[in-house]
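The block underneath contains the structure these notes are about, expressed in structure tokens.
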Amino acid sequence: MYSKKRIAVLISGRGSNLKSLIAACKDPSYPAEIEVVISNNPDAGGLDIARHERIHTHVIDHQPFGNDRKAHERQIDATLQAHNVSTVCLAGYMRLLTPFLISNWKGKMLNIHPSLLPLFPGLHTHRKALKAGMKVHGCTVHLVTEEVDAGPILGQAVIPILPNDTEETLADRLLEQEHLLYPRVLKNFIEQESPNPTIDALING
Ligand code: GRF
């Protein structure tokens, strides 16, 4: 028996990866629970998913902060601290982060990226994979470091690229794998990071 780690999920959009993490966390044996969901986009569909599950949500819109990215991140950081989370999962969070937030959560912030990193960092990954003539494509969960989409790789899933694939069909098939990969990698990450056995587990081995 392990106590659950409190995690935060940062989103900007529809939130399908958030949904897969929520589903995983419902298993009593899963080592994490989602304490808070933060979106920089007030219209993110993922907010409704979280609200429906009665998870705390915070909209921290970047627009009023203009170019002051750090001020925006200070508010995000304060919210993460207030919720006492141990791990932050970026799941379709579409803002580039500054060294301020990245260094505060060093080794504790994960991201999912829709390519086999280090191939195709940045946007339009499905288009880039097709254009490069790749026969396989995939997704990566990695630790967030200052260089975009370049932190240590924690896990990857691979799919074939089929002859008639378009950006859309590829994205759809890959998304199914993202939904399996992120919960699995998060579980491994948490369990290796700190097993934190309860007294029961210690007594019963
Ligand atoms: C996913 O493809 C993820 O890999 C990328 O952004 C997309 C987010 O989708 N970082 P969703 O909001 O989780 O549905």
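No hydrogens, no waters, no symmetry mates; every other heavy atom, side chains included, goes into these values. Predicted model, so just to flag it, every value in this text is computed and none were measured. As the structure lists them, so they are numbered: ligands from 1, and atoms in each ligand from 1.
Those atoms of ligand 1 that come under 4.0 Å of a heavy atom in Gly92, given as number and element, are 6 (O), 8 (C), 10 (N).
Between His113 and ligand 1, a contact under 3.5 Å exists for no N or O pair. At least one N/O-N/O distance between Gly15 and ligand 1 falls below 3.5 Å. Considering both main-chain and side-chain atoms, Ile112 comes within under 3.5 Å of ligand 1 through a nitrogen or oxygen pair. The shortest N or O to N or O distance between Asn17 and ligand 1 is below 3.5 Å.
Among pairs with a residue in residues 4-26, none fulfils ring pair (Phe, Tyr, Trp, His ring centres under 6.0 Å), at least two apart in sequence or across chains.
Using cut-offs of 30° and 60° on the angle between ring planes, the pair His113 and His142 is perpendicular.
Nearest non-hydrogen protein atom to atom 9 (O) of ligand 1 is Arg14 NH2, 3.3 Å.
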For His137 and His126, run side-chain hydrogen bond (donor to acceptor under 3.5 Å, both in side chains): C-alpha distance rounded to whole Å, both residues' side-chain angles, the deciding distance at 0.1 Å, then the answer. CA-CA 8 Å; His137 189 35; His126 316 301; 2.9 Å; yes
Apply side-chain contact (heavy atoms from CB on, under 4.5 Å) to the pair Asn164 and Leu162, showing each step before the final yes or no. CA-CA 6 Å; Asn164 294 328; Leu162 305 175; 6.0 Å; no
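Between Glu33 and Lys4 there is no salt bridge, since none of the side-chain N atoms of the basic residue sits less than 4.0 Å from a carboxylate O of the acidic one.
The closest approach between Ile11 and ligand 1 stays at or above 4.0 Å for every heavy atom of the residue.
Judged as a salt bridge (charged side-chain N to carboxylate O under 4.0 Å, His left out), and not counting sequence neighbours, the contacts of Arg51 are Asp48.
With a heavy-atom cut-off of 4.0 Å, Glu178 touches ligand 1 through its side chain alone.
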